[in-house]
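Letters A, B, ... are given to chains in the order of the sequence lines, protein chains preceding strands, and every chain is numbered from 1. Note: hydrogens, waters and symmetry copies are ignored here, and every other heavy atom, side chains too, is used. Computed from a predicted structure; not experimentally measured.
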2 protein chains.
Amino acid sequence: MTVPSVAGKREEGIANPLFEYLLRLGDDRLVLGHRMSEWCGHGPILEEDIAMANIALDLVGQGSSLLKLAGETEGAGRDEDALAYFRGEPEFRNAQLVELPKGDFAFTMVRQFLFDAYSVLQLDALQNSTFAQLAGLASKALKEDSYHLRHSSDWVLRLGDGTAESHARAQEALNELWRFTGELFESDAVDEAVRDKGIVVDQAAIQSRWQQVVGDVTRRATLTLPTAGASATGGRRGRHTEYLGHMLAEMQIVARSHPGAKW
Amino acid sequence: MTVPSVAGKREEGIANPLFEYLLRLGDDRLVLGHRMSEWCGHGPILEEDIAMANIALDLVGQGSSLLKLAGETEGAGRDEDALAYFRGEPEFRNAQLVELPKGDFAFTMVRQFLFDAYSVLQLDALQNSTFAQLAGLASKALKEDSYHLRHSSDWVLRLGDGTAESHARAQEALNELWRFTGELFESDAVDEAVRDKGIVVDQAAIQSRWQQVVGDVTRRATLTLPTAGASATGGRRGRHTEYLGHMLAEMQIVARSHPGAKW
């Protein structure tokens, strides 16, 4: 294992790479779960409304468990609520992909599909971590996200290979989202530093398998994969799009209005 | 069994009392579930946010199943989505209690408690209906609502017997909500007409047991039961507060924007 260099330690978050790593995992799911929960009561059909709420619940639950674990490794006494509700935007470590506004139904489902395909591969690797608590959470989350992937794949197929309008919307969503997918596969000093916790995720291997899954489903959905272009990045180091701040303001308002309140 | 009189048939809904009865059951749960879902992502703590979303999901799921069954008995080809998204406000049959805005956390939890205590007793009776599909739905929903009642009772105790502020808020909620509880126990020609389907719910007996449960929990929560006063009514016949229309506008906008859309 590589001990982070002194230079490396000066980078944000490197002081406690395990904490940092768990924040990334947890924030991806908390933020995406919140975006999905914005559909609550606004779905196009009751069955889908219920399915989307279930997916949101799974993701927020995973985020909560991962932030709880992050808090325990931090040793600074912050629990999952403190981490969810009392961190500012630059302290969030989610990829920018998950913070983008929910958009229309096609945008939501294509984004969910791109994330699910990533998450399933990532969690599958994390199941084998020697960090037992993380392996346990990954194993539970993998079951949930495998269902999410089936659900979002089905929708990508249905929308892409559907009406002219649903196809156009799905293609537009894919075009807009594509440049946010590269960030998911970035690897930096944090990833290297957590290897001593048995957290070994081969980002290149995951990316290659992700491309296969995404290529296969989009092809069957008669969608065209955008050509690679400039890739958005920065979320893992706290640099976010303008949208995260607005989302956090809404998500955190109740807790921040009553700091330390006993409910 | 009493065949509805001709005069009775002129009353709204009496033409098909079973359909009408199932709408009442379904709409109570759909509307309350929607109100609860408005907390999605705005809970004071993650665990509670997740619990409230779960409760919302259960209720919307129950509402969906009951409206599906209502549609089947109507024989007019309306499914649960048509009933949820394409009825106007005067066609909704929920009690006014469940349509009131969610208010603060205390209001939400006290309202939920008052409804849960009612629902558990109602579903317990409906389990014994000779109308097998309804008995099955009631039995499944009873398991869920028994959990909801434990959860909301716990909160009423915690808020009522908590800080000065939480006590004041819970008491205020109880005072505001009290006049909406009487409607839950009304009995009319619809209730009588569905007896031939083995739907026999003794409203007086339920009300008496409800008063015991509510009296017991509120006493332990150091809350004072309001004295009986004028009771709100009309929801069962489609007369609603100003709030339902706004809620339906929001709930129905997506489906109504794309009528007949294939998703």
Next item on the list: Assess whether atom NZ of B:K102 is packed by more than 12 heavy atoms of other residues, nucleotides or ligands within 6.0 Å.
Entry: yes

Check: chain B heavy atoms under 4.5 Å from A:E250: which part of the residue, side chain, backbone, both or neither?
Finding: both

Next item on the list: Sort B:D79 into side chain, backbone, both or neither according to what part of it lies under 4.5 angstrom from a heavy atom of chain A.
Entry: neither

Check: Using non-hydrogen atoms only, which part of B:R169 is less than 4.5 Å away from chain A: side chain, backbone, both, or neither?
Finding: side chain

Check: When rounded to the nearest 0.5 angstrom, what is the spacing between CG in A:N54 and CG in B:N54?
Finding: 7.5 Å

Next item on the list: Could you pull out the closest heavy-atom pair between B:C40 and A:C40, with the gap in Å?
Entry: SG-SG, 2.6 Å

Notebook entry, point to check: To the nearest 0.5 Å, what is the distance between OH (A:Y85) and CG (B:L46)?
Noted result: 4.0 Å

Next item on the list: Determine the minimum heavy-atom distance between A:L57 and B:A53, stating which atoms define it.
Entry: CD2-CB, 3.6 Å

Next item on the list: Quick one: pull up CG in B:D49 and OG in A:S64 and give me the separation to the nearest 0.5 Å.
Entry: 9.5 Å

Check: Is it the side chain or the backbone of B:A84 that comes within 4.5 Å of chain A heavy atoms, both, or neither?
Finding: side chain

